[in-house]
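Comments concern the structure below.
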Amino acid sequence: MGTQNSRIQGFYKLNPFERLQEVKAFDGLCDDDLRALHGGHGILSIERADKMIENVVGTYNLPLGVATNFQINGRDILIPMVVEEPSIVAGASYAARMVRAGGGFQADSTAPLMIGQIQLVGITAMNSARHDILAHSEEILALANAQSRSLTALGGGAREIEVHIFEQSPMGPMMVVHVVIDCRDAMGANAINSMCEAVAPRLEQISGGRAYLRILSNLSDRRLARARCVVPPKALERDDISGEEVVDGILWAYAFAAVDPYRATTHNKGILNGIDPVIVATGNDWRAIEAGAHAYAARNGRYTSLSVWEKDEAGNLVGTLEMPLAVGIVGGATKVHPAAQAALKLLNVQSATELAEICVCAGLASNLAAMRALATEGIQRGHMGLHARQIAMAAGASGPLIDEVARRMVEERNIKPARAEEIVAELRA
Ligand code: MEV
């Protein structure tokens with residue numbers, strides 16, 4: 001075990017090698033783990049990549065950053081994030097520092113229950129069929145569990161049968177049977193789909209209908225993670241704006257997202273800015289997370305903010321976030337990709353629910369960072385400052401020129417591709 005303090009001052013000022021040494025000191029990772037996090041010359045070998053997906057011609061690198069300052073349920077955590085957008089890692093780290101001042105994040109989660117769906121059509125007496133299926137629940141669950149020994153060995157498995165009737169659809173009436181499955185530490189997609197396919201013939205027999213689709217639902221609203229944070233106004237203040245004013249600005253920003261779907265979509269994108277990079281770093285399925293998050297945001301028939309922000313009696317800003325988080329720490333790319341393995345080791349999580357809790361905290365942190373910036377000076381100044389290096393590179397700068405071109409553009413407050421090209425030409429001359 002290392003120092004276990006995620007509040008690493010000046011982390012951003014170090015070079016990548018020095019940062020890796022800090023990460024090593026934090027968690028006592030071995031050199032192989034560090035090599036995997038560093039990526040080096042393609043830590044994911046072409047041979048391995050070729051077995052992961054089809055038609056492989058190469059691998060594709062993205063930056064892996066480490067967010068600092070996170071304290072979740074009293075534990076200090078360094079969070080690996082893989083993402084192309086500047087200011088996400090900085091924003092999450094900065095927000096985590098503010099939250100730290102209020103005691104850190106509290107997080108919890110439901111059991112890792114997922115839903116598999118079997119669509120049945122051509123049933124003559126829908127309600128009677130529904131009763132028959134429910135009466136055979138135990139048999140159907142046993143059939144499902146016989147299909148996936150690995151899940152049951154882990155203590156998971158099919159738990160519950162639900163029946164939903166749609167009297168009308170573009171093709172006529174249909175029945176949809178839900179199999180609720182405890183996926184333990186697996187994301188579970190393959191086990192769920194296999195179970196659905198395994199029970200479908202028996203459901204056809206019982207209902208007299210025909211099974212078409214047999215697939216998991218990505219609206220995993222039985223597999224939720226929740227985060228909460230309390231931020232004292234003092235931690236939010238800026239040189240020119242009091243903490244109380246910033247709290248009010250953030251509450252107005254939240255109110256905007258609560259009522260307006262156009263704003264809620266961007267607000268929720270800001271939450272996912274914190275979550276997707278952890279999902280990618282740990283080899284999980286980010287499309288599933290995105291689909292579940294947005295569907296959950298519309299669960300009451302109107303798309304709204306996933307997070308809620310309030311002020312408590314003492315004037316502290318209180319943020320909560322609850323959303324589906326179907327992640328795994330066993331199976332799939334989490335096991336095959338060496339960097340995903342090292343990322344999970346750095347997070348030191350023992351269960352998929354613990355990983356989900358970290359993700360939801362990273363989401364709440366990103367949301368807070370974005371709202372604080374938006375409610376005060378706007379995001380462009382900070383963002384463009386960090387984006388300047390990408391613009392410098394796109395304009396042809398390399399090596400030490402990158403930082404120099406970026407520095408000059410920030411100083412001149414003129415961060416534009418044309419200006420970058422001029423400075424590159426000037427410095428080269
Ligand atoms: C940019 O990636 C994310 C933000 O647009 C989120 C938000 O508006 O809340 C800044």
Side-chain angles (χ1 to χ4, degrees), residues 12 62-67 79-99 105 227-229 231 235-236 238 241 245-281 286-287 289-294 296-298 302-311 317-323 325 359-391 394 410 415-416:
Y12 70 97
L62 280 172
L64 186 152
V66 170
I79 304 187
M81 295 180 125
V82 171
V83 69
E84 89 298 344
E85 185 178 336
S87 76
I88 287 179
V89 179
S93 304
Y94 189 67
R97 195 172 132 197
M98 296 189 280
V99 171
F105 293 91
R228 177 173 180 274
C229 66
V231 194
L236 291 159
R238 304 177 58 104
I241 313 174
E245 274 178 277
V246 178
V247 170
D248 282 346
I250 289 176
L251 292 176
W252 276 111
Y254 160 65
F256 187 0
V259 297
D260 175 19
Y262 287 92
R263 173 57 205 152
T265 307
T266 323
H267 177 97
N268 291 341
K269 190 268 184 186
I271 292 173
L272 289 156
N273 269 350
I275 296 177
D276 286 349
V278 193
I279 300 296
V280 178
W286 71 90
R287 287 89 53 216
I289 298 298
E290 287 276 335
H294 293 297
Y296 195 68
R302 185 183 168 79
Y303 188 91
T304 186
S305 167
L306 283 166
S307 60
V308 175
W309 292 91
E310 298 159 314
K311 186 155 66 171
L317 180 69
V318 183
T320 49
L321 173 60
E322 177 191 77
M323 57 181 282
L325 259 161
C359 291
V360 79
C361 292
L364 195 56
S366 279
N367 187 212
L368 173 60
M371 286 201 305
R372 180 172 180 266
L374 287 166
T376 56
E377 68 166 1
I379 63 155
Q380 277 314 81
R381 186 147 165 249
H383 180 75
M384 290 311 280
L386 293 169
H387 192 50
R389 288 180 300 186
Q390 274 195 19
I391 294 181
V410 170
I415 305 166
K416 302 224 170 73

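Atoms within each ligand, like the ligands themselves, are counted from 1 in listed order.
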Quiz item: Can you pull the residues with any heavy atom under 4.0 Å from ligand 1?
Solution: Glu85, Arg263, Thr266, His267, Lys269, Gly270, Asn273, Ala370, Leu374, Ile379
Quiz item: Given Trp252 and Leu374, is the side-chain contact (heavy atoms from CB on, under 4.5 Å) satisfied, shown in steps?
Solution: CA-CA 10 Å; Trp252 276 111; Leu374 287 166; over 6 Å; no
Practice problem: Could you tell me whether the side chain of Thr304 and the main chain of Ala258 form a donor-acceptor pair under 3.5 Å? | Solution: yes
Quiz prompt | Validation row: Asn367, Leu306 side chains within 4.5 angstrom (heavy atoms) | solution = no
Quiz item: Sequence neighbours excluded, which residues qualify as side chain to side chain donor-acceptor pair (under 3.5 Å) partners of Arg302?
Solution: none
Exercise. Answer yes or no: does atom CZ of Arg97 have more than 12 heavy-atom neighbours from other residues, nucleotides or ligands under 6.0 Å?
Key: no
Practice problem: May I ask you to decide if the ring planes of Tyr254 and His267 are parallel, tilted or perpendicular, using 30° and 60° as cut-offs? | Solution: tilted
